[in-house]
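Notes for the one structure printed next.
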Amino acid sequence: MKKKTRETAESFGVIGLGRFGSALVECLAQSGKEVIAIDKDETRVREARRFTDMALVVGALDRESLGEAGIQNCDTVIICIAEQVDVSILTTMTVLDMKVPHVVAKASSIMHGDVLKRLGAKVVYPERDMAIRLGKGLVYHSFLDSVALEGNVEVRRIQVTEPLIGLTVRETDFRQKYGLNIIAIEHNHHTDVEFSSSYQFKAGDIISVIGQTGNIERFESDMQ
C-alpha cells in the first residue's frame, strides 16, 4: 500500500468476502480507494482481485497474519464476518488493538452489536437496516432514501406531496412545527443547497431534511 499523504485517498481493509464484503470491496475500489480484501476462501479472493490487487487469502485472523497483510496501515477496516460471532469479536479486538483509526463491524444481532460497540467499533446491521428502509418506503410513499446518524437522527430524501405544493419554505415552518431543517431541494435533476425562504414548492420536488427520526416520520404521516 502506498505511503499515505494528505492527498492520498483513504485506504480500507475489508475482512470477510461474503456478499456484503464483496460488494463493499467493489464499491470502494471503483471509487478509487485503496482496498485490502481478506478472506480464507481462495475463490472469493480471486473474485475480489477483479477490483483490487491487494486481495489476500488469510486463514488465521490473528495479529501476525493481519499485520503481514498490512491491515494496520489502513485508515478504516470493515469486519464482515457476523455469522461467526466469536471470530467477529476476536477479529474486532485484534484490529482495534492494532490502532486502526476507524473500525466498522457487521453484526448479526442486537446483542452481538452491543458487544462490538463496547469494544469500540462502529456497528452496522445490513439486513436489519435494509428491512427498515423497505418498511419505511412501503409505509411512507414519499420516502426515497435516508442516512442514519448517531443519536437517532436521519437525513432523509422525501418526495414533495400535494399539501406542500404552492407553499413557500417560510410558510411550511418545518423547524417550528416538526423540529426539522431542510438542507437541499431537488428540482428537474438540479440540487439547490442555497435556496431562499421564499422558494415555492413545485410538483416533482424532492427535499432533503435532517432531524430526529420520530419527527421526520410525524411530518411524513401528516403529508400523506
Side-chain angles (χ1 to χ4, degrees), residues 6-12 14 19-20 23-35 51 75-76 78 80 101-102 104-107 113 117 121-224:
R6 290 184 180 180
E7 291 77 24
T8 304
E10 281 191 17
S11 55
F12 294 83
V14 178
R19 285 180 295 179
F20 179 73
L24 192 56
V25 168
E26 180 178 354
C27 178
L28 292 170
Q30 290 183 342
S31 297
K33 307 298 183 182
E34 292 182 338
V35 185
F51 307 106
D75 299 311
T76 300
I78 307 94
C80 311
H102 304 288
V104 181
K106 176 185 174 185
K117 285 180 183 177
K122 177 177 174 57
V123 177
V124 293
Y125 303 89
E127 290 83 3
R128 177 175 174 269
D129 292 346
M130 184 56 69
I132 290 172
R133 282 193 175 200
L134 175 59
K136 287 179 179 178
L138 294 172
V139 171
Y140 303 110
H141 300 297
S142 58
F143 172 91
L144 296 175
D145 197 8
S146 70
V147 176
L149 307 176
E150 295 293 335
N152 201 32
V153 173
E154 282 188 43
V155 177
R156 191 178 296 189
R157 294 174 69 243
I158 301 171
Q159 182 80 50
V160 167
T161 54
E162 185 63 35
L164 290 182
I165 295 173
L167 297 178
T168 65
V169 173
R170 184 187 302 110
E171 288 170 335
T172 59
D173 201 10
F174 283 91
R175 187 179 299 178
Q176 183 65 31
K177 291 181 180 177
Y178 298 100
L180 305 176
N181 288 306
I182 303 175
I183 58 175
I185 299 175
E186 301 171 48
H187 182 74
N188 288 338
H189 306 291
H190 172 74
T191 301
D192 187 359
V193 295
E194 297 181 350
F195 51 88
S196 72
S197 60
S198 62
Y199 178 86
Q200 193 172 50
F201 292 112
K202 305 171 183 64
D205 281 357
I206 296 170
I207 57 173
S208 294
V209 300
I210 184 169
Q212 293 288 324
T213 299
N215 291 342
I216 296 176
E217 292 179 351
R218 181 164 59 89
F219 162 67
E220 287 195 301
S221 179
D222 288 350
M223 291 302 105
Q224 296 302 307

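Residues forming a side-chain contact (heavy atoms from CB on, under 4.5 Å) with Ser198 (at least two apart in sequence, or on another chain): Arg170, Ser196. For Ala184, the side-chain contact (heavy atoms from CB on, under 4.5 Å) partners two or more places apart in sequence, or in a different chain, are Thr191, Val193, Ser208. Applying the side-chain contact (heavy atoms from CB on, under 4.5 Å) criterion to Gln176, with sequence neighbours excluded, gives Asp173. Asp205 meets the side-chain contact (heavy atoms from CB on, under 4.5 Å) test with Val160, Ile185, His187, Tyr199, Phe201, Lys202; sequence neighbours excluded. In terms of the side-chain hydrogen bond (donor to acceptor under 3.5 Å, both in side chains) criterion, residue partners of Asn181 (sequence neighbours excluded) are, by chain and number, Arg175.
Side-chain contact between Met223 and Leu164 is present, with at least one heavy-atom pair separated by less than 4.5 Å. Under the 4.5 Å side-chain criterion, counting only non-hydrogen atoms from C-beta, Glu217 is in contact with Arg156. A heavy-atom distance below 4.5 Å is found between the side chains of Ile78 and Thr76. Here the side chains of Leu28 and Val14 are in contact, with some heavy-atom distance below 4.5 Å. Under the 4.5 Å side-chain criterion, counting only non-hydrogen atoms from C-beta, Ile158 is not in contact with Ile206. Within the 4.5 Å cutoff, the side chain of Phe195 has heavy atoms near those of the Ile182 side chain.
Side-chain contact check for Thr168 and Gln200: no donor-acceptor pair (N or O, by modelled atom type) lies under 3.5 Å.
In this structure, OG1 on Thr213 lies 13.0 Å from CZ on Arg218, to the nearest 0.5 angstrom. Taking CD of Glu194 as the start and CG of Asp192 as the end, the distance is 7.0 Å to the nearest 0.5 Å.
Listed by first and then second residue, the ring pair (Phe, Tyr, Trp, His ring centres under 6.0 Å) pairs that reach into residues 205-224 are Phe174-Phe219, Tyr178-Phe219, sequence neighbours excluded.
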